[in-house]
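Here is the structure we will look at, set down as C-alpha cells.
Residue numbering restarts at 1 for every chain, and letters A, B, ... go by the order of the sequence lines.
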Number of protein chains: 2
Amino acid sequence: MATISDVAKLSGQSKTTVSRVINKHPYVSEEKRELVLKAMEELGYTPNPTARRLRGQLTTTIGVIVPRIVNPFFSYLVNSIENAAYQKGYQVLIAQSNEDKEKELAFLNLLKNKQVDGIIMTSIVNDWEIIEPYTKYGTILLCNDYVNQEVAPMIRLDQTKGAYLGIKHLVEKGHKKIAYCTGGLFDAHGRGRDRNLGFQKAMQEANIKINPRWIFVDQHTIEDGKIILKQILEMDDRPTAIFTGSDEVAAGIIIEAKEHSLSIPQDLAVVGFDDQPIAEILDPKLTTICQPMDQMGEKSVKVMIELLENPKTQIKTYELPIDLIVRQST
Amino acid sequence: MATISDVAKLSGQSKTTVSRVINKHPYVSEEKRELVLKAMEELGYTPNPTARRLRGQLTTTIGVIVPRIVNPFFSYLVNSIENAAYQKGYQVLIAQSNEDKEKELAFLNLLKNKQVDGIIMTSIVNDWEIIEPYTKYGTILLCNDYVNQEVAPMIRLDQTKGAYLGIKHLVEKGHKKIAYCTGGLFDAHGRGRDRNLGFQKAMQEANIKINPRWIFVDQHTIEDGKIILKQILEMDDRPTAIFTGSDEVAAGIIIEAKEHSLSIPQDLAVVGFDDQPIAEILDPKLTTICQPMDQMGEKSVKVMIELLENPKTQIKTYELPIDLIVRQST
DNA sequence: AATATATATGGAATCGATTGCATTAGGGGC
DNA sequence: GCCCCTAATGCAATCGATTCCATATATATT
C-alpha cells in the first residue's frame, strides 16, 4: 500500500501539504492541491486508518453489544445499525454478552484503547455504576435497554406502555386470570422494571389481584415457553391468558399447547412481545407488541455519529412508538 | 490510559525491556521481569492495539461478511464465529453484503489497511477473479459458500448431497411431480450449482424428467414462498412436492397453503433447507436439510487463526456433514 | 515606506508500540 | 590472564499518519 510519503514524493510536496489536502484544510493553493490529488489517484492511495487512529483521530468504528445475535429482535437491530453505519462510512464491531458481566466489560474496554469510537449497548448486564467510568473513554449509547436516570444518550421505547397495552387488551377480551412472564427478575431495573409497572398498572385499573403463582421470571427461549405451558397444565387453578415478555416464549407456549390439544385462544390467550417474523408464522398468528427495530437502529447510529463528530451535542433520550398488534392468539 | 513509557518509568526500566516482558522474549532477568509486571499491574496497563497494529502486528480482528444477518442461518453462523473468536481473544467486525458487489469489495478493502487480519466470507457475490487479488493483503476464508477450485481455505458442506438427499426422500415417498426452488440462478456456480447437480442426479436416478415450469430461481424470503404457492395454484398441472432452497421459502409456502386450505403433505409435500428454528415452529413441522452452523463457525475461526498465526499452514478444504431431517411436511 | 495580516508551505515532533544494533557484564575455555 | 560467547539491557529508528511551529510570500493598512 502506498503511504503518505509516497504521495508526497510523487507529487513533489511535503507530507504536511498532502495531509492538508486529505483533510481539506484551508491554505493549500489550488495548483498544489491538484498535484497531490493526481498523485493520490495514481498510487491508489487511501490513508491508513491505523495510523490516524494512533494520532487520536476517530476510528470510524462503532461497537455493538447484544445479548445473543440469534435472537431475531437483536439481529434485526444489528441489521439496521450495520446498514446505517455503512452509509455513513462506519464499521461495526459486534459482541455478544451472553448476559455475562465479564464479557460485557471486556468489550467496553475497547473504548479505552480507542479501538472503537463508541459503543451501542442494546442490553445492560452490569450495574450502571460499573459501566459509567467507561463513558470518559468514548461515547456509550443505550438502545433498547436503559437505566432509569438520564445519564447517557438513550434510544428507548415506552416499555411500561407496551406491557400495559398487552394486559389491557386481555382485560378487554374479558380475561381476569392473567399470567405474566418476563425476561428479567420481577424486581429488575430498566426495561424489565418498566414492563412490570405497566403490568401492575393495567391489573390495578381492572381491579384484578395479581396471582404470584402465575408470574414467571427469567424466561427467554422457545424451550422456556414449552416448560411454562406444562407448568400451567399442572395447575389446579389455571390462568386463561398469558402475557409473555417475548415472541419466542409465546411461540413455545403455542407449540406445546398444540401438543396437548389446548386451543388458542379459547383455552389460553397468548400475547407476545417484539413482533418478530415468527409472530406471523405461528398458527394461530400471534398477538404481540410491535417494537420498531429498524427505526431504533437507525436512530441510534444517527445520534451516535452526531455525538462523535460534535462532542458538545447535548445528551438526550429519544422515545420511539410502541404498539399492540392484534392477531389470532387472543 | 497508561502507556509503555509510564510502565518503563515506574519500573525504572527501558521501554525495550518492558516490551520484552509483554511479548515474552527471552533474555530478561527474573528480577526485572517482576519489577515490570508489578508496574503493569499497578497502572492497569494494557498495550495499545492500535500502536501494535501500526507496527505490522496482528490486529486480532476478524471480518465476517454475510448477505443478511437477519437470515437465521447467518445469525447462527455469526453467533458461533463470535463465540469462538472471543475465546481466542479476537474481535469480530461484521458487514452485510446485501448481495451487493460493491459493498462486498468495500469490506474486502479493510484487509489492505490491516484493519482486519482476515475475512470469513459466508457468501460470495463477486467473481473469484475479482476477489482473488485481496488474498495478498490478508487471509480470506470461505465458509458455507465456495468456489469450485481449491484456491482458498474453505469450510463447506456437500451441497450436492444435501439436495440429492432431499429429492431422493421425495422420490421414495412416491412423488414424481417434483418442483425445485433455488436461491441462485439455475446456471450458478459454487453452492447453488452443486445443489442443482444433486437435484439433477436424484431426478435422473429416478428416471423423472425435469419440468422447467416447476423450477423457481432467485427465491429467498417467506414472501417469495407465498408467491410460489400462489403460482402453483394457478397451474393446470401442479407438482405434488417441492424442494426449496431455504426454510424461509418453505415457511412461506406452508403458511400460504394454509390460507388456501391446501393440506401439507397430502396435497403438497415440502422440503426445506437449513434446519432453522422455524422448521420446528411451523405446523406441520418442516422436513429439511440440516447444516451444522455451529460447527462451521467454530471450524472457520479455528482454521483462520491457525493460518494467521502460522502463515505457512497448508490451504485445505474441510467438508462437514449434512443430513436430512424428516418431520411432518413430507 | 513600514508594519500588520492573511495565505502557503515545510520541518520535525508526536501518537504507543516493536526491533535492529550497540553495549556491557559474567562465565567458560585455553 | 586473555579471548570469546552468551545473557541482559537500552538507545534510537520505525510504522503512517497529524499538527505545532517557523518561515516565506503576498496583500492590506497606516
Side-chain angles (χ1 to χ4, degrees), chain A residues 1-37 39-40 43-61 109-117 137-138 309, chain B residues 1-37 39-40 43-61 109-117 137-138 309:
Chain A
M1 280 298 287
T3 73
I4 197 172
S5 300
D6 299 331
V7 176
K9 208 169 294 166
L10 182 62
S11 64
Q13 301 306 309
S14 71
K15 291 197 297 176
T16 309
T17 302
V18 176
S19 174
R20 288 210 177 92
V21 171
I22 296 168
N23 296 285
K24 305 201 201 318
H25 276 293
Y27 306 153
V28 179
S29 67
E30 195 49 41
E31 175 201 5
K32 308 240 159 155
R33 174 190 313 285
E34 265 161 31
L35 267 152
V36 170
L37 287 173
M40 282 171 54
L43 293 167
Y45 168 81
T46 17
N48 181 321
T50 304
R52 302 183 110 176
R53 205 171 286 203
L54 186 56
R55 281 300 313 226
Q57 298 284 105
L58 293 183
T59 68
T60 65
T61 303
N109 262 307
L110 297 180
L111 282 174
K112 274 200 190 173
N113 295 318
K114 293 251 180 297
Q115 298 251 69
V116 295
D117 295 331
Y137 301 117
E309 297 184 346
Chain B
M1 279 297 287
T3 73
I4 196 172
S5 301
D6 299 332
V7 176
K9 208 170 294 168
L10 182 61
S11 64
Q13 301 306 309
S14 71
K15 291 197 296 176
T16 310
T17 301
V18 176
S19 174
R20 289 210 176 95
V21 171
I22 297 167
N23 296 286
K24 305 202 201 318
H25 277 293
Y27 305 155
V28 179
S29 67
E30 194 50 40
E31 175 201 4
K32 308 237 160 156
R33 174 189 314 284
E34 265 161 30
L35 268 156
V36 170
L37 287 174
M40 283 171 52
L43 292 166
Y45 168 81
T46 16
N48 180 322
T50 304
R52 304 182 108 177
R53 204 172 288 205
L54 187 56
R55 283 297 315 222
Q57 298 286 105
L58 293 182
T59 69
T60 64
T61 303
N109 263 307
L110 297 180
L111 281 174
K112 274 200 191 173
N113 294 318
K114 293 253 180 296
Q115 299 251 69
V116 295
D117 296 330
Y137 301 117
E309 297 184 347

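- Applying the salt bridge (charged side-chain N to carboxylate O under 4.0 Å, His left out) test to residues at least two apart or on different chains, the pairs with a partner in residues 19-33 of chain A are A/Glu30-A/Arg33.
- Computed from coordinates, the B/Lys114 NZ to D/dA17 P distance equals 13 Å when rounded to whole Å.
- One atom, CG of A/Leu58, and another, C1' of D/dT18, lie 13 Å apart when rounded to the nearest Å.
- At whole-Å resolution of the value, CG in A/Leu43 and P in D/dA17 are 11 Å apart.
- Enclosure of atom NZ in A/Lys9 is not indicated, since only 12 or fewer non-hydrogen atoms of other residues, nucleotides or ligands lie within 6.0 angstrom.
- For A/Arg52 and D/dT18, the shortest distance from a side-chain N or O to OP1 or OP2 is below 4.0 Å.
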Checklist entry - After noting the C-alpha distance and the side-chain angles of B/Ile4 and B/Ile22, does the key distance pass the side-chain contact (heavy atoms from CB on, under 4.5 Å) rule? => result CA-CA 10 Å; B/Ile4 196 172; B/Ile22 297 167; 4.1 Å; yes
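- Under the rule for a side-chain contact (heavy atoms from CB on, under 4.5 Å), the partners of B/Asn113 that lie at least two apart in sequence or sit in another chain are A/Met1, A/Thr46, A/Pro49, B/Gln115.
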Under 3.5 Å, which N/O atoms of the protein pair with N/O atoms of nucleotides 23-28 of chain D?
none

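- Side-chain N or O atoms of B/Asn48 include one that pairs as donor or acceptor with a backbone N or O of B/Thr50 at under 3.5 Å.
- Taking only side-chain nitrogens and oxygens, B/Gln13 comes nearer than 4.0 Å to OP1 or OP2 of D/dG10.
- B/Leu35 has its CG atom 10 Å from the P atom of D/dT9, to the nearest Å.
- The CD1 atom of B/Ile4 sits 18 Å away from the P atom of D/dA13 (whole-angstrom rounding).
- B/Val36 has its side chain within reach of B/Val7: a pair of non-hydrogen atoms, C-beta onward, lies under 4.5 Å apart.
- For the residue pair A/Thr17 and A/Ser14, a side-chain donor N or O sits within less than 3.5 Å of a side-chain acceptor on the partner.
- To the nearest 0.5 Å, atom CG of residue B/Asp6 and atom NZ of residue B/Lys15 are 11.0 Å apart.
- Where B/Glu30 and B/Ala51 each meet DNA chain D at their nearest nucleotide, the meeting point lying more 5' is that of B/Glu30.
- In this structure, B/Lys112 places its NZ atom 15 Å from P of D/dG16, rounding to the nearest Å.
- Across all their heavy atoms, A/Val18 and A/Ser11 have their closest contact at CG2-OG, 4.3 Å.
- Considering all non-hydrogen atoms of both residues, A/Tyr137 and A/Lys114 come closest at O-NZ, 3.8 Å.
- Residues that satisfy the side-chain contact (heavy atoms from CB on, under 4.5 Å) test with B/Thr59, not counting sequence neighbours, are B/Arg53, B/Thr61, B/Asp117.
- When rounded to the nearest whole Å, the span between CZ of A/Arg53 and C1' of C/dG16 equals 14 Å.
- A distance of 5.0 Å separates CZ in A/Arg52 from CG in A/Asn23, rounded to the nearest 0.5 Å.
- Nearest-nucleotide positions on DNA chain C place A/Arg33 closer to the 5' end than the other of A/Arg33 and B/Met1.
- Within residues 15-29 of chain A, the residues that have a heavy atom under 4.0 Å from DNA chain C are, in order of number, A/Thr16, A/Thr17, A/Arg20, A/Tyr27, A/Val28, A/Ser29.
- For B/Leu54, taking side-chain heavy atoms from C-beta onward, the closest of the listed nucleotides C/dA17, D/dC15, D/dG10 is D/dC15.
- Note on the helix from C/dA1-D/dT30 to C/dC30-D/dG1: terminal axis deviation equals 50°, with five pairs used at each end and the result rounded to 10°.
- To the nearest angstrom, P of C/dA12 lies 17 Å from CZ of A/Arg55.
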